Amino acid sequence: MPELPEVETLAADLRPQLVGRTVTGCDVRFPTIVRHPAPERFTAELVGRRIDAVTRRGKYILHHLDCGRSEDLLLVVHLGMTGQWRCVKPDAPEPDHLHAVVVLDDGCQLRYRDVRRFGRLLLGSEPELVAARKLPRLGPEPLDPDFTAARLYGRLHARRAPLKALLLDQMVVAGVGNIYADESCFRAGVRPDRPANSLSRRAVSRIHSALSTLLREAIANRGSSVDSYRDAWGEMGREQELLQVYGRGGEPCLRCGRPLSVVRLAGRTTVFCRRCQR
DNA sequence: TTAAATTCCTGTAAGC
DNA sequence: TGCTTACAGGAATTTA
């Protein structure tokens with residue numbers, strides 16, 4: 001599943017391929033993938049634009065487009081669970097589940113492929129997309145220097161929901177999904193089912209530290225390929241080899257040897273160690 | 001306002 | 001072998 005490190009890797013790989021290119025065509029084959037505006041307008045507004053920058057916000061890839069306005073016009077891509085966003089030569093064989101093709105002025109094609117179709121494409125300025133409720137009001141970036149342990153504590157201490165539910169909440173902190181939520185709780189030694197308002201400043205500080213270290217490590221390893229995630233070149237990341245709890249329910253804890261517990265939290269499978277996490 | 005439940009979607013794997 | 005069923009999960013939406 002693409003979370004912050006996977007999306008960061010993809011955006012960094014696509015950047016040199018896309019910046020400076022102009023969109024010359026767009027073919028939306030599965031219209032419900034385009035959530036804003038209507039697919040015909042999406043195509044009409046996109047064609048002719050130059051891509052000035054490619055950035056990431058949370059789990060979203062942002063393509064900043066040339067337009068005569070003060071605020072950026074953005075092509076926004078969210079990969080959902082199985083989305084793939086690649087730039088390929090036009091003669092590359094077409095895969096199954098190809099839902100949209102954006103043609104560039106060098107002939108290359110940006111292809112959106114998504115087996116489960118949980119992903120989405122959006123076009124608009126950030127304020128426009130937020131106002132239209134197509135983009136959530138995302139919380140802080142966990143790797144931003146301004147995102148301190150104190151700031152995380154401020155976002156958690158008045159909430160009764162389980163810690164993990166809040167780590168997954170994109171309005172609390174942007175970019176964390178099921179893999180990195182479970183892994184950061186394990187590394188911090190904190191049970192994911194603890195009500196957030198029961199956590200001490202010290203515990204929140206450990207979570208903050210574990211999360212930032214883990215995300216940096218995962219970016220350095222080009223993300224986790226646990227399902228269908230592949231980078232811009234179709235290659236797997238390496239971080240999945242370093243995961244300590246995700247996907248290991250029932251197997252021995254790598255720290256103490258006791259079988260790892262599996263519960264459901266915030267609708268997600270959650271794995272943790274009852275001895276190492278308190 | 002917050003929290004929990006439901007929905008979308010299809011490939012994969014388990015069970016019979 | 002072939003069928004049915006459960007499961008995986010991000011986030012929008014609905015319900016409490």
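The figures here come from the full heavy-atom set of this structure, side chains too, leaving out hydrogens, waters and symmetry mates. Since this is a predicted model, take the numbers as computed values, not measurements. Sequence lines set the chain letters: A, B, ... in the order given, protein chains first and strands last, and positions in each chain run from 1.
Inter-axis angle, ends of the helix from B:dT2-C:dA16 to B:dC16-C:dG2, five pairs per end, rounded to 10 degrees: 50°.
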Check: residues 83-93 of chain A side-chain donor-acceptor pairs under 3.5 Å, at least two apart:
unit_1 : atom_1 : unit_2 : atom_2 : d
A:Q84  : OE1    : A:R113 : NH1    : 3.2
A:Q84  : NE2    : A:S228 : O      : 3.1
A:W85  : NE1    : A:H63  : NE2    : 3.0

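Remark: A:D27 engages A:R29 in a salt bridge, criterion side-chain N to carboxylate O under 4.0 Å. Looking at A:D146 and A:R151, no side-chain N of the basic residue comes within less than 4.0 Å of a carboxylate O on the acidic one, giving no salt bridge. We find that A:D13 and A:R15 are not joined by a salt bridge, their nearest charged nitrogen and carboxylate oxygen being 4.0 Å or further apart. Taking 4.0 Å as the cut-off between side-chain N and carboxylate O, A:E217 and A:R187 count as a salt-bridged pair. Taking the charged nitrogens against the carboxylate oxygens, A:D193 and A:K164 have no contact shorter than 4.0 Å, which rules out a salt bridge.
For residues 117-136 of chain A, proximity to DNA chain B is found at A:R117, A:F118, defined as any non-hydrogen atom under 4.0 angstrom from a strand atom. Residues of residues 152-165 of chain A having a heavy atom closer than 4.0 Å to DNA chain B, listed by number: A:R159, A:R160, A:A161, A:P162. Using a 4.0 Å cut-off on heavy atoms, none of the residues of residues 27-40 of chain A approach DNA chain C. For the contact set between residues 229-252 of chain A and DNA chain B, defined by any heavy atom under 4.0 Å, there are no members.
Checking each of A:L129, A:L123, A:T43 against A:P37 for a side-chain contact (heavy atoms from CB on, under 4.5 Å) leaves exactly one that passes, namely A:L123.
Annotation: side chain of A:Y229 is in contact with side chain of A:T9 (closest heavy-atom distance under 4.5 Å). Between A:I33 and A:R120, the closest side-chain pair of non-hydrogen atoms is not below 4.5 Å.
Remark: A:S125 pairs with A:E71 by the side chain to side chain donor-acceptor pair (under 3.5 Å) rule, at least two apart or across chains. Looking at residues two or more places apart in sequence or on another chain, you find no side chain to side chain donor-acceptor pair (under 3.5 Å) involving A:D66. For A:E141, the side-chain contact (heavy atoms from CB on, under 4.5 Å) criterion is met by A:L4, A:R56, A:R57, A:D144, A:A174, not counting sequence neighbours. Residues that satisfy the ring pair (Phe, Tyr, Trp, His ring centres under 6.0 Å) test with A:Y153, not counting sequence neighbours, are A:H157.
The span of DNA chain C lying next to chain A, judged by atoms under 4.0 Å from heavy atoms, is bounded 5' to 3' by C:dA8 to C:dA12. Of all nucleotides in DNA chain B having an atom under 4.0 Å from a heavy atom of chain A, the first and last in 5' to 3' order are B:dT2 to B:dG11.
By the 30° and 60° cut-offs, the orientation of the rings of A:H99 relative to A:F30 is tilted.
Side chains of A:S261 and A:R274: a donor-acceptor N/O pair is present below 3.5 angstrom, by distance only. Side-chain contact check for A:Y60 and A:Q170: no donor-acceptor pair (N or O, by modelled atom type) lies under 3.5 Å. No hydrogens or angles considered: a donor-acceptor pair under 3.5 Å links the side chains of A:T55 and A:H64. A side-chain donor-acceptor contact under 3.5 Å links A:Y180 and A:S224.
The six-membered or imidazole ring of A:F118 lies away from that of A:H78, with a centre-to-centre distance of 6.0 Å or more.
Remark: A:C26 SG to A:R49 CZ distance equals 13.0 Å, nearest 0.5 Å.
In this structure, A:T269 reaches the sugar-phosphate backbone alone: every heavy-atom distance under 4.0 Å involves primed, P, OP1 or OP2 atoms, never a base. Looking at heavy-atom distances under 4.0 Å, A:M81 makes contact with a base.
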